[in-house]
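Just so we're clear, the structure is a prediction, and the values are computed from it rather than from any experiment. Just so you know, ligand 1 is whichever comes first in the structure, and atom 1 is the first atom listed for that ligand.
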Amino acid sequence: MSNPSPSKRIALGSDHAGFPLKEWLKGKLEEAGYECYDFGTHDPQSCDYPDFSAAVAHAVASGQFDTGIVICGTGIGSSIAANKIPGVRCALCWNEYTARMARSHNDANVLALGARVIGSELAWEIVKVWLETPFSGEERHKRRLGKISALENSKTVREAKTLC
Ligand code: RB5
């Protein structure tokens with residue numbers, strides 16, 4: 001696949017485990033013409049992924065950035081943290097298919113990657129698919145996203161009920 005068209009402002013963040021991959025992807029993105037803002041971490045010292053993930057998530061939820069990429073060892077902690085910020089739909093993707101579906105069906109706005117799970121070349125392929133794939137806009141997907149928003153807005157925890 002060729003380089004994606006650079007029409008987006010991208011917020012980047014990682015912990016120490018994701019630091020080398022973040023630096024490498026930032027180089028690829030800038031080389032491809034994207035405008036990146038790096039929320040850290042800025043060195044390989046041990047640090048806490050929620051700090052950087054939350055910074056990226058706020059940057060996207062506030063509309064300052066079109067999309068964000070958060071990276072930790074597995075991508076799991078970063079995605080959990082990002083999804084605590086209202087308006088964020090963070091998807092942990094490990095191949096091109098999951099990236100395509102996260103954009104097309106879920107209109108996900110933050111991508112989480114696991115630097116200890118996937119290699120850098122695969123990560124770049126995932127990022128390219130992520131940046132090139134629009135939300136399908138289909139009614140059924142909009143309806144489901146509406147239900148996710150409703151969950152986000154209901155701040156209470158209640159007992160589960162069966163649906164059928
Ligand atoms: C750090 O050792 C590791 O726990 C973190 O990068 C991440 O994988 C958490 O989900």
Of the listed options Thr74, Leu92, Ile80, closest to atom 8 (O) of ligand 1 (non-hydrogen atoms): Thr74

Judging by distance only, is a nitrogen or oxygen of Gly77 under 3.5 angstrom from one on ligand 1? yes

Kindly say whether Ala59 contributes a backbone atom to a donor-acceptor pair with the side chain of Ser62 at under 3.5 angstrom? yes

Are His58 and Ile85 side-chain neighbours, meaning at least one heavy-atom pair lies under 4.5 Å? yes

Which ligand 1 atoms does Ala17 reach within 4.0 Å, using its non-hydrogen atoms? 6 (O)

Given that the side chain starts at C-beta and the backbone is N, CA, C, O, which of these parts of Asp15 lies under 4.0 Å from ligand 1, counting heavy atoms, or is it both or neither? side chain

Considering heavy atoms of the protein only, find what lies nearest to atom 4 (O) of ligand 1 and give residue, atom and distance to 0.1 Å. Tyr49 CE2, 4.6 Å

Is there a side-chain contact between Arg9 and Tyr37, using heavy atoms and a 4.5 Å cut-off? no

Hey, does Ser78 come in under 3.5 Å of ligand 1, counting only N/O atoms on both sides? no

Sub-3.5 Å donor-acceptor pair from the side chain of Ser53 to the main-chain atoms of Val70, do we have one? no

Within a radius of less than 6.0 Å around CH2 of Trp94, do more than 12 heavy atoms belonging to other residues, nucleotides or ligands occur? no

Any protein heavy atom under 4.0 Å from atom 10 (O) of ligand 1? yes

Kindly say whether Asn109 contributes a backbone atom to a donor-acceptor pair with the side chain of Thr67 at under 3.5 angstrom? yes

Is any side-chain heavy atom of Lys142 less than 4.5 Å from a side-chain heavy atom of Phe135? yes

Is there at least one pair of N or O atoms, one from Gly73 and one from ligand 1, spaced under 3.5 Å apart? yes

Do me a favour and list the nearest non-hydrogen protein atom to atom 2 (O) of ligand 1 with residue, atom name and distance? Arg116 NH1, 3.3 Å

